[in-house]
Amino acid sequence: MTCALPDIKYGEGADFLPFQVKPKPGTALGPAGSIVVTVHSADAPTIRHTTRVRVGSPYLTTRNRKLTGVRPGGEVGLTPAFGNRGDTGVDGGITVMVAADGSTLLPRYGNCRYNKAAAATEAQCDFPGPLPAGTAYETDHPVIAVTGQDTRSGSLHYSVWPTADIDGPSQLPGRAVRGTGEVLRLRPVDGGAFTGSESYRSGGAAGALDFETTRVDDVEAVGFTIRGRVGEEVRTEVPYPRGYRGDTMWVTLPDGVSLVTRPPQDLQSEDSYCREGPAKGGPVACGPGAEPYAVVLLVRIDKRVEGARGSVTVPPGPAADPDQDNNTAPVAVEYIP
């Protein structure tokens with residue numbers, strides 16, 4: 001077939017679908033050949049692209065799990081597992097891509113590449129295949145990640161692809177750091193409970209190990225600094241605590257600083273503002289707020305008090321707070337000349 005395309009301006013692209021293919025009756029399942037497309041242009045290099053045609057389709061599936069009670073700074077083990085629920089097999093290799101959130105990967109296996117030699121966050125593990133229809137496998141050892149000391153929750157995401165189908169930008173370069181240990185291998189398992197994407201049956205599949213550490217219920221106040229000149233009104237923000245669950249934060253203002261209140265019509269409606277607390281001269285009530293990061297605090301710096309310090313306190317969450325010593329953080333004042 002020869003197809004004429006219109007001009008494409010610089011910076012634009014074009015989707016061009018000139019035809020579709022379908023198998024003749026009785027055609028056997030599996031590889032059926034290739035379609036080679038060659039694109040010529042008067043002012044650009046010639047481009048060639050090959051599409052492999054397969055009758056039928058693999059349908060890759062994966063396993064998802066959740067883990068609780070992980071020790072902060074401890075190890076989490078992801079055992080990637082995948083299957084093929086389609087009507088044809090994957091003849092070539094299988095590639096597993098792993099991405100760590102809230103943790104870093106240990107470069108342990110010789111057939112895996114990592115994006116960094118230490119504290120890696122991505123890995124690519126290649127397996128020879130094949131993956132016949134109706135089979136499922138898991139790795140014989142886990143991919144190990146180390147959680148951060150302050151991590152409350154995170155995830156080890158992984159995706160599974162036929163090695164021949166994964167695109168270049170998604171892969172780690174061949175020069176990437178390789179693991180120095182044993183080779184990670186596969187062992188057969190029952191994949192009946194694995195799931196995949198019905199809308200993307202012929203492509204890859206994604207799974208995850210979501211985890212929570214023992215700090216998941218830890219509410220930790222975040223301190224802040226009020227900056228301004230003596231005699232001036234200052235707008236600052238009270239940051240939400242880590243592990244915030246929508247409770248009111250209580251701010252004890254530093255000596256020499258007082259709360260400024262205004263009628264609602266004089267305030268920006270999209271913001272939430274701190275307000276007077278129930279006790280006169282006591283802590284200021286801040287939140288809960290609708291904006292994503294902080295509650296606005298309007299104050300006046302009445303006088304300079306060297307070393308003045310206040311505090312912000314948040315109550316424990318509804319679950320057992322494992323460290324209530326960090327529920328209060330300091331509030332400082334920085335005087336601008």
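We number each residue from 1, following the sequence as shown.
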[X] versus [Y], closest heavy-atom pair with distance:
| X | Y | result |
| --- | --- | --- |
| L259 | C274 | CD1-O, 4.5 Å |
| M249 | P239 | SD-O, 3.5 Å |
| S103 | L156 | OG-CD2, 3.6 Å |
| T27 | K24 | OG1-O, 2.7 Å |
| G246 | P288 | O-CB, 3.1 Å |
| W250 | G277 | CZ3-CA, 4.2 Å |

**Request:** Kindly indicate, with the supporting measurements, whether the criterion side-chain hydrogen bond (donor to acceptor under 3.5 Å, both in side chains) is fulfilled by D101 and S155.
**Result:** CA-CA 5 Å; D101 174 30; S155 184; over 6 Å; no

Who passes side-chain contact (heavy atoms from CB on, under 4.5 Å) against [X], sequence neighbours left out?
| X | result |
| --- | --- |
| A329 | A221, V312 |
| A332 | T225, R309 |
| N111 | Y109, F127, V183, L184 |

**Request:** Dump the intermediate steps for side-chain contact (heavy atoms from CB on, under 4.5 Å) on T46 and V39, then the final yes or no.
**Result:** CA-CA 6 Å; T46 296; V39 181; over 6 Å; no

Should [X] and [Y] count as side-chain neighbours, where that means a heavy-atom distance under 4.5 Å?
| X | Y | value |
| --- | --- | --- |
| T121 | L105 | no |
| F224 | V251 | yes |
| Y158 | T62 | yes |
| L60 | P162 | yes |
| F194 | N64 | no |
| L78 | P142 | no |

Same apolar cluster: [X] and [Y], side chain cutoff 4.5 Å:
| X | Y | value |
| --- | --- | --- |
| V234 | L297 | yes |
| M97 | F82 | no |
| I94 | I166 | no |
| V238 | I226 | yes |
| L17 | M1 | no |

[X] [atom1]: over 12 foreign heavy atoms closer than 6.0 Å:
| X | atom1 | value |
| --- | --- | --- |
| K116 | NZ | yes |
| E276 | CD | no |
| R235 | CZ | yes |

**V295/Y240 under side-chain contact (heavy atoms from CB on, under 4.5 Å): CA gap, chis, key distance, verdict** = CA-CA 7 Å; V295 179; Y240 290 148; 3.6 Å; yes

Do the side chains of [X] and [Y] get close enough for a salt bridge, i.e. N-O under 4.0 angstrom?
| X | Y | value |
| --- | --- | --- |
| R113 | D126 | yes |
| E138 | R63 | yes |
| E220 | R215 | yes |

**Request:** Start with the C-alpha distance between D210 and R65, add both sets of side-chain angles, then the distance that settles salt bridge (Lys or Arg N to Asp or Glu O under 4.0 Å), and finish with yes or no.
**Result:** CA-CA 6 Å; D210 298 318; R65 285 181 169 174; over 6 Å; no

**side-chain contact (heavy atoms from CB on, under 4.5 Å) between T51 and V37, worked out** = CA-CA 8 Å; T51 298; V37 177; 5.6 Å; no

**Under 3.5 Å: donor-acceptor pair, side chain of Y114, backbone of R108** =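 Looks like yes, one N/O pair under 3.5 Å.
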
Going by the rule salt bridge (charged side-chain N to carboxylate O under 4.0 Å, His left out), which residues pair with [X] if we only count those two or more places apart in sequence or in a different chain?
| X | value |
| --- | --- |
| K303 | none |
| E233 | R262, R300 |
| R229 | none |

**Message:** Could you go through T163 and T95, starting from their C-alpha distance and side-chain angles, then the distance that decides it, and tell me whether this counts as side-chain hydrogen bond (donor to acceptor under 3.5 Å, both in side chains)?
**Reply:** CA-CA 5 Å; T163 303; T95 292; 2.8 Å; yes

**Request:** Test N327 against T313 for side-chain hydrogen bond (donor to acceptor under 3.5 Å, both in side chains), laying out the working first.
**Result:** CA-CA 6 Å; N327 287 39; T313 300; over 6 Å; no

**Prompt:** After noting the C-alpha distance and the side-chain angles of E122 and L172, does the key distance pass the side-chain contact (heavy atoms from CB on, under 4.5 Å) rule?
**Reply:** CA-CA 8 Å; E122 298 178 23; L172 292 179; 3.7 Å; yes

**Prompt:** Side-chain donor-acceptor pair under 3.5 Å between T135 and N84, yes or no?
**Reply:**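 No, N84 and T135 have no side-chain donor paired with an acceptor closer than 3.5 Å.
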
